[in-house]
Amino acid sequence: MALEHLQPGQVANVQPYGAALASASNTALFKSAELEVMRLVLPKGKSMPAHQVNGEITIQCLEGVVEVDANTSTPAILKAGHLLFLQGGAPHALLALEDASVLVTIVVK
């Protein structure tokens with residue numbers, strides 16, 4: 001079954017899951033011709049291997065703690081409320097240091 005995406009003008013709740021985080025799953029919020037937004041849930045210790053996307057990307061930590069290795073001298077540590085911007089094509093990997101959820105925005109090219 002395909003995920004239903006938000007329609008223009010429709011509101012989505014992206015508040016922290018809190019106690020429900022353990023049972024939450026990844027959600028594709030919407031994808032248009034130019035923009036894609038998704039919410040990823042990462043249990044402690046889960047990683048996303050190094051990958052890259054063509055467009056610019058932001059990763060906003062909504063809850064928990066996530067390490068983002070973007071091939072810089074020091075990985076970025078994102079805590080709730082932190083936002084990271086990456087250029088298009090930048091390789092990056094994620095590792096949940098605590099149970100976490102992040103909002104990912106990608107400019108689609």
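The hydrophobic clustering, which links ILVMFWY residues whose side-chain heavy atoms are closer than 4.5 Å, places Met38 and Tyr17 apart. Under a hydrophobic clustering in which Ile, Leu, Val, Met, Phe, Trp and Tyr are joined whenever their side-chain heavy atoms come within less than 4.5 Å, directly or via other members, Val37 and Val14 fall into the same cluster. In the hydrophobic clustering of ILVMFWY residues, with side-chain heavy atoms under 4.5 Å counting as a link, Val68 and Leu62 come out apart. Leu84 and Ile77 are not part of a single hydrophobic cluster, where members link through side-chain heavy atoms under 4.5 Å apart. Val65 and Leu95 fall within the same hydrophobic cluster, where Ile, Leu, Val, Met, Phe, Trp and Tyr residues are linked whenever their side-chain heavy atoms come under 4.5 Å apart, directly or through other members.
Here ring-ring contact (aromatic ring centres under 6.0 Å, His included) pairs that include residues 25-49, with residues two or more places apart or in two chains, number zero.
A distance of 9.5 Å separates CD in Glu67 from CG in Leu78, rounded to the nearest 0.5 Å. Rounded to the nearest 0.5 Å, atoms CD (Glu98) and NZ (Lys79) are 8.5 Å apart. The CD1 atom of Ile106 lies 11.0 Å from the CD atom of Glu56; values are rounded to the nearest 0.5 Å. Distance check: Thr58 OG1 to Leu103 CG gives 7.0 Å after rounding to the nearest 0.5 Å.
Not a single donor-acceptor pair under 3.5 Å links the side chain of Thr27 to the backbone N or O of Leu29.
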Side-chain atoms of residues 39-55: list all donor-acceptor pairs with protein atoms under 3.5 Å, sequence neighbours left out, distances to 0.1 Å.
{"residue": "Arg39", "atom": "NH1", "partner": "Gln15", "partner atom": "O", "Å": "3.1"}
{"residue": "Arg39", "atom": "NH2", "partner": "Gln15", "partner atom": "O", "Å": "2.9"}
{"residue": "Arg39", "atom": "NH2", "partner": "Glu63", "partner atom": "OE2", "Å": "3.4"}
{"residue": "Arg39", "atom": "NH2", "partner": "Ser101", "partner atom": "OG", "Å": "3.1"}
{"residue": "His51", "atom": "ND1", "partner": "Pro49", "partner atom": "O", "Å": "2.9"}
{"residue": "His51", "atom": "ND1", "partner": "His92", "partner atom": "O", "Å": "3.4"}
{"residue": "His51", "atom": "NE2", "partner": "His92", "partner atom": "NE2", "Å": "3.2"}

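Residue Val108 is found outside any hydrophobic cluster, as its side-chain heavy atoms come under 4.5 Å of no other Ile, Leu, Val, Met, Phe, Trp or Tyr.
In this structure, Pro75 and Asp69 approach most closely via the heavy-atom pair CB-CA, 4.2 Å.
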